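Below is one structure, written out as structure tokens, with a few remarks after it.
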There are 2 protein chains.
Amino acid sequence: MAHRTVSADRVLVPTAAGATRRPEPDCPVEVALAAISGRWTTLVLRDLMAGPLAYGELRRGLPELSDKVLVERLTALRDRGLVARHEHAGFPTRVVYELTDAGRALRPLLVELYRTGEELQQAPRT
Amino acid sequence: MAHRTVSADRVLVPTAAGATRRPEPDCPVEVALAAISGRWTTLVLRDLMAGPLAYGELRRGLPELSDKVLVERLTALRDRGLVARHEHAGFPTRVVYELTDAGRALRPLLVELYRTGEELQQAPRT
DNA sequence: CAGTATCCCTGTTGATACTG
DNA sequence: CAGTATCAACAGGGATACTG
């Protein structure tokens, strides 16, 4: 094997050419971070991972989250194609939110975030 | 089995009691997000994943990142215990940064961020 | 070389009150 | 019930210039 070959476990991107020198919006890492960006967003996603929820159910699940920010989050998630909104006819109005396939694709990332956080919490203070 | 059991693949947290109702700083997900928070941070981490780098090497690797923000990022990573700083005697000053064990523990998360971002980019527009 | 010191500007968050 | 509308407060990020 040629010398100066970087050992495989040191490589983070498929090809060296794929390594961005700036936070480009189309870098996959930026795309994933943008998907879960915003305070409260991961909590909203977590709740929706269990299945569709009505607006009021979401609100009751996160009592300290204001209407304003909850709507902001849901709108942003919808704009990103991660959540679908279903308005049911009748009165009072009832709106149900559920993850799209793209939204469900975030599950492994949330699991990995949790796992990594736990690992960091247990890390010895070097 | 009892009915109303939530199927395992719907569960995101170990126990229902472990599900926070707010973005608490000690929630593992928040811990992991805090570790990689800040613009440019994932790029700095990526570069350091390949091995120790001098300050000037880091700067040349990310030419559009200002000194101010680079130092901010390195200081923050150091405060979080993810990066170690080694000052080498002599003139001109030479400082080398390298990941700690805790910093290296972020590799799977970065890989998962990249993978998820790619998956989202390929997602069909529903 | 490896940083500091300022200033400013913008986006995000949160509190409060109101509505179809 | 499911949102809108305002406004105030703050933190993050970048440009520029300077230093041990």
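Keep in mind the model is a prediction, meaning the values are calculated, not measured.
Under 4.0 angstrom from either OP1 or OP2 of C:dG3 there lies no side-chain N or O belonging to B:R59. The side chain of B:R85 places an N or O atom within less than 4.0 Å of a non-bridging phosphate oxygen (OP1 or OP2) of C:dG3. Under 4.0 angstrom from either OP1 or OP2 of D:dG14 there lies at least one side-chain N or O belonging to B:R39.
Atom-to-atom distance recorded for A:R85:CZ and A:R78:CZ is 6.0 Å, nearest 0.5 angstrom.
For the pair B:Y55 OH and D:dT19 P, the computed distance is 17 Å after rounding to whole Å. Between B:H86 atom NE2 and C:dA2 atom P the separation is 14 Å, expressed in whole Å. Rounded to whole Å, the distance from CZ on A:F91 to P on D:dA2 is 11 Å. Look at OH on B:Y97: it is 8 Å from C1' on C:dG3, rounded to the nearest Å. Rounded to whole angstrom, the span from the CG atom of A:L74 across to the P atom of D:dG3 amounts to 8 Å. Atom pair A:R94:CZ and C:dG20:C1' shows a separation of 19 Å (rounding to whole Å applied).
Each of B:R60 and A:W40 was matched to the nucleotide of DNA chain C holding its nearest heavy atom; the match closer to the 5' end belongs to B:R60.
Residues from residues 61-72 of chain A with heavy atoms under 4.0 angstrom of DNA chain D, sorted by number: A:D67, A:K68, A:V71.
Using a 4.5 Å heavy-atom cutoff, the side chains of B:E112 and A:V111 are not in contact. Inter-residue side-chain proximity for A:V29 and B:Y114 is flagged as met; some heavy-atom pair is nearer than 4.5 Å. Between A:L120 and B:R80 there is no side-chain heavy-atom pair separated by less than 4.5 Å.
Note on B:L99: it clusters hydrophobically with B:W40, by side-chain heavy-atom contacts below 4.5 Å among ILVMFWY residues.
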Next on the checklist: I'd like to know whether A:L53 forms a side-chain contact (heavy atoms from CB on, under 4.5 Å) with A:R60, so could you lay out the CA-CA distance, the side-chain angles of the two residues, the decisive distance to 0.1 Å, and finally the verdict.
Outcome noted: CA-CA 11 Å; A:L53 287 174; A:R60 278 187 294 278; over 6 Å; no
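Pair assignment for D:dG20: C:dC1, on the basis of Watson-Crick or G-U wobble contacts that are both within less than 3.5 Å.
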